[in-house]
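Note sheet for the following structure.
Just so we're on the same page: letters track the sequence lines, and every chain starts at 1.
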Amino acid sequence: MTVLDLPELLAGPVDRAARGLLGCRLSAGGVTVRLTEVEAYAGFGGDEASHAHRGRTPRNAVMFGPAGFAYVYFTYGMHWCINVVCGVEGEASAVLLRAGEVVEGLPVARERRPSVHNARDLARGPARLCAALGIDRSVYGTNLLDGSGPAVLEPPLRPVPAKTVHSGPRVGVTGALDLQWRFWLDGEPTVSAYRRHAPRR
DNA sequence: GGGCCGATCAAG
DNA sequence: TTGATCGGCCCA
């Protein structure tokens, strides 16, 4: 395909969707980021790291719907993170958007994150990405593909070379370390620092 | 109703 | 390395 078919990509296997989301642009609140790092979470196969692992709840309900919608959650009492729902309806797979490069609305992003002086850090990390875009609970359950909601996902301006896509274990995940479901664009300064999960003692 | 812990971040 | 800070989920 010459032009990336986003709806088709997202409705497919979640790890393939995650790869394809690299280089895509997410716009919200007057800011656009180019995605440089994502993680896949499966709603099947007993992926214990998935928020859908224990079944459907009010919090994760949107994950069980069709692909292309936003699953936004609040964590550590202060941070928002955004996922794109993937797979077929009822599958409950999703891709966490971990980092991006601000390509439009730089002044607005800086205004939202006044403490950040290095542009690369504005959306470097899942909570920082949401902060830069002004994403919060109001984005939960909205359509990211048809422009009807507060956030819009679009294909890359130029194709992403396959060899620049690298993968490794997911961040902060205890189980399933064999899964290489964290994907990033190699060499991008906006990719978040990888921190292996540290067991409690 | 109580308690624990988290797909994090920033400061020390 | 640690504190901030609170919603979701499990268990009683």
Atom [atom1] of [X] and atom [atom2] of [N]: how far apart are they, to the nearest Å?
| X | N | atom1 | atom2 | result |
| --- | --- | --- | --- | --- |
| A/E37 | B/dA7 | CD | P | 16 Å |
| A/H51 | C/dC10 | NE2 | P | 12 Å |
| A/N83 | B/dG6 | CG | P | 17 Å |
| A/N60 | B/dG6 | CG | C1' | 15 Å |
| A/R170 | B/dG6 | CZ | C1' | 15 Å |
| A/F74 | C/dC6 | CZ | P | 7 Å |
| A/W80 | C/dA4 | CH2 | P | 22 Å |
| A/L179 | B/dA7 | CG | C1' | 14 Å |

So what does [X] touch, heavy atoms closer than 4.0 Å: a base, only the sugar-phosphate, or nothing?
| X | result |
| --- | --- |
| A/R182 | nothing |
| A/S115 | nothing |
| A/A49 | base |

Give a yes-or-no answer on whether the side chains of A/E37 and A/S192 include a donor-acceptor pair shorter than 3.5 Å.
-> yes

Would you call A/R182-A/D15 a salt bridge at under 4.0 Å N-O?
-> no

Any strand, both distances under 3.5 Å, Watson-Crick or G-U wobble: B/dA7 pairs with none

Find the partner of B/dG2: check Watson-Crick (N1-N3 plus N6-O4 or O6-N4) and G-U wobble (N1-O2, O6-N3) distances, both under 3.5 Å, and reply none if neither fits.
-> C/dC10

Residues in salt bridge (Lys or Arg N to Asp or Glu O under 4.0 Å) with A/R128, at least two apart?
-> none

Between [options], which one does the side chain of [X] approach most closely?
| X | options | answer |
| --- | --- | --- |
| A/A127 | B/dA7, C/dC9, B/dT8 | B/dT8 |
| A/T57 | C/dC9, B/dA7, C/dG7 | C/dC9 |
| A/R128 | C/dC10, B/dA7, B/dA10 | B/dA10 |
| A/R59 | C/dG8, B/dA7, B/dC9 | C/dG8 |
| A/R54 | B/dC9, B/dA7, C/dC10 | C/dC10 |

Using the six-membered ring of A/Y41, assess whether NZ or CZ of A/R170 lies under 6.0 Å from its centre and within 45 degrees of the ring axis.
-> yes

Please work out which of the three classes, parallel, tilted or perpendicular, describes the rings of A/W184 and A/H166, given edges at 30° and 60°.
-> tilted

Does [X] place a side-chain N or O at less than 4.0 Å from the phosphate oxygens OP1/OP2 of [N]?
| X | N | answer |
| --- | --- | --- |
| A/R124 | B/dA10 | no |
| A/S50 | B/dA7 | no |
| A/R98 | B/dT8 | yes |

Face-to-face stacking of A/Y76 with C/dA4, centres under 5.5 angstrom, angle under 30° = no

Assert: residue with more 5' nearest nucleotide on DNA chain C, out of A/R137 and A/H79, is A/H79

Indicate, yes or no, whether a donor-acceptor pair under 3.5 Å links the base of B/dA7 to the side chain of A/Y73.
-> yes

In A/R124, A/R120, A/R34, the residue satisfying side-chain hydrogen bond (donor to acceptor under 3.5 Å, both in side chains) with A/E188 is A/R34

